[in-house]
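Worksheet for the structure shown next.
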Amino acid sequence: MTATLEPPTEQTMDTTTPVFSVEGLWKVFGPKADRVPADPELTALDPAELRARTGCTAAVRDVSFDVRKGEVFVVMGLSGSGKSTLVRCLTRLIEPTAGIIAIDGEDVRAMDRSRLRELRRHRAAMVFQHFGLLPHRTVLDNVAYGLEIQGMGKAERRERAAEVVAKVGLEGMEHRRPGQLSGGQQQRVGLARALAVDPEVLLFDEPFSALDPMIRRDMQEEVVRLHQEEGRTMVFITHDLNEALKLGDRIALMRDGRVVQLGTPEEIVGSPADDYVREFVRDVPREQVMTVRTAMRRPSADQDGSGPAVRPEATVSEAIEAVARAGAPARVMDKGRCVGVIDSDTLIGVVAGTEQPAPPGTEQPKEAV
């Protein structure tokens, strides 16, 4: 049974309301799938036991999370972990078996066909691995296609499409056809098509996994740039840990349909939830992910104000360089105040994994020294 949530209004909407809110989400494939989430005995079975006993596969198992406005939320996992099924459930491209999905407080599972079309066309645009471009149309007309479906006039939609084409770096290619473009350029067209409808949230389903490594890096940089310029909310699906760490404000790491850890990149690298996550991040250069904020120590009362200054969000790698150059501990400065100190021993401990990062929510000292 699906909970009913009233659509928010401008007067009642809380600005802290998550863009997407997911609670107790299940997607089960197989006969009589509805019985699985409702039966504690079945939910306790591992994937092999569940298949043997019921003939069902639980692709998404009791997943809950919020996507905050303006963040890049990455869902990461190996093939078969359930990540692509999960993102398709958000807009009901795949129908969930159980649980609640809300966008801006409105229940997605309660939407009728008309409301669901509006969600997919205006509010949450999908960027797929396979571009799905129309081969007989130009770049400009491919980008304008979503606006055409919305009923926008030809002159207006082509003007809007031209703006977005320029934004993704394809200016001058408006009249080419997809077959005349490289894979990276085709993916930029797919990204532009999604941006053209000005969605509240962009959903990326492993969009760059088929691209060559150099083109893939370029597209990752493009996503970072667009996010910095627009602050648009993004949900990004990937099996690539480096991609997740580069793009994600927060990462949900999935295994066998469950989220085994949800946190910032440095929380996942610095404080793995279990042996599976620990093995997953084993080869990540910690100094490139961990920040000074999680490694700094409270400044002493006799701190003399000397030594190099670093920002709390600077990486440990940057701090190591600053401390090595000065031959002295570094002050961690935030808005003109010294909020911490970091020395070579602490930095080496972070890199080696012997120095544990401060737990999430740990309050750092606020007094100026």
Side-chain angles (χ1 to χ4, degrees), residues 19-20 67 69-72 87-88 90-93 103-104 113-212 214-237 247:
V19 176
F20 271 109
V67 178
K69 185 174 179 60
E71 79 170 329
V72 179
V87 75
R88 283 168 165 77
L90 295 181
T91 57
R92 286 173 54 196
L93 291 174
I103 181 167
D104 295 326
R113 289 184 179 181
S114 174
R115 193 70 176 149
L116 202 52
R117 279 196 302 271
E118 193 273 339
L119 168 66
R120 295 169 182 168
R121 291 179 180 178
H122 298 273
R123 301 168 72 183
M126 184 80 80
V127 181
F128 295 99
Q129 175 183 338
H130 303 291
F131 324 121
L133 303 181
L134 302 171
H136 59 286
R137 292 198 175 198
T138 64
V139 166
L140 195 66
D141 287 336
N142 265 284
V143 173
Y145 182 65
L147 301 173
E148 181 181 346
I149 290 175
Q150 291 180 4
M152 183 181 290
K154 184 174 182 179
E156 185 181 357
R157 71 176 181 255
R158 287 174 70 86
E159 181 181 357
R160 168 63 181 162
E163 292 173 2
V164 181
V165 165
K167 183 177 291 187
V168 301
L170 291 177
E171 197 168 12
M173 300 185 184
E174 293 88 346
H175 302 297
R176 295 188 185 182
R177 300 191 189 280
Q180 298 172 296
L181 304 177
S182 69
Q185 290 167 340
Q186 289 182 36
Q187 189 57 280
R188 286 175 187 268
V189 177
L191 177 58
R193 183 175 55 190
L195 284 169
V197 299
D198 194 27
E200 182 179 1
V201 58
L202 281 170
L203 306 173
F204 294 87
D205 187 10
E206 299 204 69
F208 310 145
S209 60
L211 301 177
D212 293 337
M214 288 186 64
I215 299 174
R216 183 171 188 166
R217 283 195 298 272
D218 287 344
M219 290 304 301
Q220 290 168 356
E221 293 293 343
E222 189 70 17
V223 169
V224 171
R225 182 184 67 82
L226 286 170
H227 183 254
Q228 290 173 343
E229 289 179 0
E230 299 189 351
R232 196 181 300 270
T233 308
M234 301 180 182
V235 178
F236 199 99
I237 307 300
L247 299 179

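Contact of the Val127 side chain with the Arg193 side chain is not registered, since no non-hydrogen atoms from C-beta on lie closer than 4.5 Å. Within the 4.5 Å cutoff, the side chain of Arg188 has no heavy atoms near those of the Val165 side chain. Side chains of Val143 and Leu170 form no contact here, defined as non-hydrogen atoms less than 4.5 Å apart. By the 4.5 Å heavy-atom criterion applied to side chains, Arg177 and Thr138 are counted as neighbours. Residues Asn142 and Val139 are not in side-chain contact: their nearest non-hydrogen atoms beyond the backbone lie 4.5 Å or more apart. You'll find the side chain of Val67 stays beyond 4.5 Å of the side chain of Leu90, heavy atoms only. Looking at Leu247 and Gln220, their side chains come closer than 4.5 Å, going by heavy atoms from C-beta outward.
For the ring pair (Phe, Tyr, Trp, His ring centres under 6.0 Å) test, residues two or more places apart in sequence or in another chain that qualify with Phe204 are Phe236. When the side chain to side chain donor-acceptor pair (under 3.5 Å) test is applied to Gln228, no partner is found at least two apart in sequence or on another chain.
With Arg160 contributing its side chain and Ala196 its backbone, the two residues share a donor-acceptor pair below 3.5 Å. The closest donor-acceptor contact from the side chain of Gln185 to the backbone of Ser182 lies under 3.5 Å. When atom types are taken as modelled, the side chain of Glu174 and the backbone of Gly172 share a donor-acceptor pair closer than 3.5 angstrom. Listed for the His227 side chain is a donor-acceptor partner under 3.5 Å among the backbone atoms of Gly70. A donor-acceptor pair under 3.5 Å is absent between the side-chain atoms of Arg157 and the main chain of Ala144, judged by distance alone. A distance-only check finds a donor-acceptor pair linking the side chain of Arg120 to the backbone of Arg92 [under 3.5 Å].
Atom-to-atom distance recorded for Glu118:CD and Gln150:CD is 9.0 Å, nearest 0.5 angstrom. With rounding to the nearest 0.5 Å, the separation of CG in Asp104 from CD in Glu200 is 4.0 Å. Here the CE atom belonging to Met126 is positioned 8.0 Å from the CD1 atom belonging to Ile237, to the nearest 0.5 angstrom. One distance of note links CG of Asp141 with CG of Leu133; it measures 12.0 Å at 0.5 Å rounding. Here the CZ-OG1 distance, from Phe20 to Thr91, works out to 6.5 Å after rounding to the nearest 0.5 Å. In this structure, CG in Leu226 is found 6.0 Å from CG in Leu191, a value given to the nearest 0.5 Å.
Pro178 and Leu134 make their closest contact through CG-O, 3.6 Å (heavy atoms, listed as atom of the first residue, atom of the second, distance). Closest approach of Leu181 to Met173, counting heavy atoms only: CD2-SD, 4.2 Å. The heavy-atom pair separating Lys69 from Val19 by the smallest distance is CA-CG2, 3.6 Å. Among all heavy-atom pairs drawn from Ala192 and Val168, the shortest one is CB-CG2, 3.8 Å. Residues Ala162 and Leu140 approach most closely at N-CD1, 3.5 Å, considering heavy atoms. Closest heavy-atom contact between Gly184 and Ile215: CA-CG2, 3.3 Å.
In this structure, Glu229 places its CD atom where more than 12 heavy-atom neighbours from other residues, nucleotides or ligands lie under 6.0 Å away. Taking a 6.0 Å sphere around CD of Glu159, one finds it holds 12 or fewer heavy atoms contributed by other residues, nucleotides or ligands.
Between Val197 and the options Ile149, Val164, Leu147, a side chain to side chain contact (heavy atoms under 4.5 Å, CB included) holds for only Leu147.
A salt bridge between Asp198 and Arg232 is present, with a side-chain N of the basic residue lying under 4.0 Å from a carboxylate O of the acidic one.
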